[in-house]
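Numbering of residues begins at 1 and proceeds along the displayed sequence. All values derive from a computational prediction rather than experimental measurement.
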Amino acid sequence: MDVLELAEAWTGEGRPAALATVVETWGSSPRPVGSHLLIALDGAFEGSVSGGCVEADVIAQAQDVIADGRPRMLEFGVSDQRAWQAGLSCGGRIKVLVERIA
């Protein structure tokens, strides 16, 4: 089952979740535009937006998105200290939109 099919299944079960989507990349990026990471309120997740580099930060932000319903636009790159802490050191930048799904 792909990430979007799983998102539909989770919402059908009434499981609170958020969907993170790579919306923009610059230079070398670990995943292409359109890549998805699905995150449930209970901490389960499926998919990838960076091949593991920034997933932990995206998952943490997704918990806030699920709680308050406000989408977040996250940006990671090698010049961004947060990206270095999260592990994105591939030389590129990515922009990730995190939205609650229902």
Side-chain angles (χ1 to χ4, degrees):
M1 181 178 295
D2 78 11
V3 173
L4 296 179
E5 290 173 333
L6 185 59
E8 186 175 9
W10 285 4
T11 57
E13 296 167 1
R15 192 173 185 186
L19 184 66
T21 305
V22 176
V23 295
E24 207 168 326
T25 65
W26 299 269
S28 176
S29 65
R31 302 281 295 150
V33 169
S35 297
H36 298 291
L37 175 63
L38 178 64
I39 306 99
L41 183 60
D42 63 14
F45 62 92
E46 186 71 37
S48 175
V49 292
S50 72
C53 301
V54 299
E55 265 73 3
D57 195 39
V58 174
I59 290 167
Q61 293 288 323
Q63 297 301 312
D64 292 338
V65 169
I66 294 167
D68 67 23
R70 292 191 338 244
R72 311 265 192 306
M73 184 68 72
L74 310 176
E75 192 171 327
F76 302 95
V78 294
S79 63
D80 180 357
Q81 184 175 1
R82 188 170 100 188
W84 275 105
Q85 292 169 349
L88 185 64
S89 58
C90 59
R93 296 181 68 76
I94 61 172
K95 204 180 262 192
V96 178
L97 175 63
V98 184
E99 305 171 279
R100 187 167 84 187
I101 57 173

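Val3 approaches Gly47 most closely through the heavy-atom pair CG2-CA, 3.8 Å. The two residues Ala17 and Leu38 have their closest heavy-atom pair at CB-CD1, 4.2 Å. Taking both residues in full, the closest heavy atoms of Ile101 and Leu19 are given as CG2-CB, 3.9 Å, listed atom of the first, atom of the second, then distance. When all heavy atoms are compared, the tightest approach of Val98 to Ala20 is CG2-CB, 4.0 Å.
Partner of Glu46 under the side-chain contact (heavy atoms from CB on, under 4.5 Å) criterion, chosen from Ile39, Asp2, Leu6: Leu6.
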Q: Any chance you could lay out the side chain to side chain contact (heavy atoms under 4.5 Å, CB included) test for Ile94 and Ser29, step after step, and finish with the verdict?
A: CA-CA 7 Å; Ile94 61 172; Ser29 65; 3.6 Å; yes

Q: Report the C-alpha distance between Leu97 and Glu99 in whole Å, list the side-chain angles of each, state the deciding distance to 0.1 Å, and finish with yes or no for side chain to side chain contact (heavy atoms under 4.5 Å, CB included).
A: CA-CA 7 Å; Leu97 175 63; Glu99 305 171 279; 3.5 Å; yes

Q: Show your reasoning for whether side chain to side chain contact (heavy atoms under 4.5 Å, CB included) applies to Glu55 and Ser50.
A: CA-CA 7 Å; Glu55 265 73 3; Ser50 72; 2.5 Å; yes

Q: Please lay out, stage by stage, how Trp10 and Glu5 fare under the test side chain to side chain contact (heavy atoms under 4.5 Å, CB included).
A: CA-CA 9 Å; Trp10 285 4; Glu5 290 173 333; over 6 Å; no

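A donor-acceptor distance shorter than 3.5 angstrom exists from the side chain of Thr11 to the backbone of Ala7, with no hydrogens or angles considered.
If you chain together hydrophobic residues whose side chains sit under 4.5 Å apart, Val58 and Phe45 fall into the same group.
Among residues two or more places apart in sequence or in another chain, the side-chain hydrogen bond (donor to acceptor under 3.5 Å, both in side chains) test is passed with Thr21 by His36.
Between Phe76 and Lys95, every side-chain heavy-atom pair lies at or beyond the 4.5 Å cut-off.
Among residues at least two apart or in separate chains, salt bridge (charged side-chain N to carboxylate O under 4.0 Å, His left out) pairs with a member in residues 8-18 are Arg15-Asp42.
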Could you list the donor-acceptor pairs under 3.5 angstrom formed by side chains in residues 62-74, with sequence neighbours left out?
residue : atom : partner : partner atom : Å
Gln63   : NE2  : Ala40   : O            : 3.1
Asp68   : OD1  : Arg70   : N            : 2.8
Asp68   : OD1  : Arg72   : NH1          : 3.3
Asp68   : OD2  : Arg72   : NH2          : 2.7
Arg72   : NH1  : Arg70   : O            : 2.5

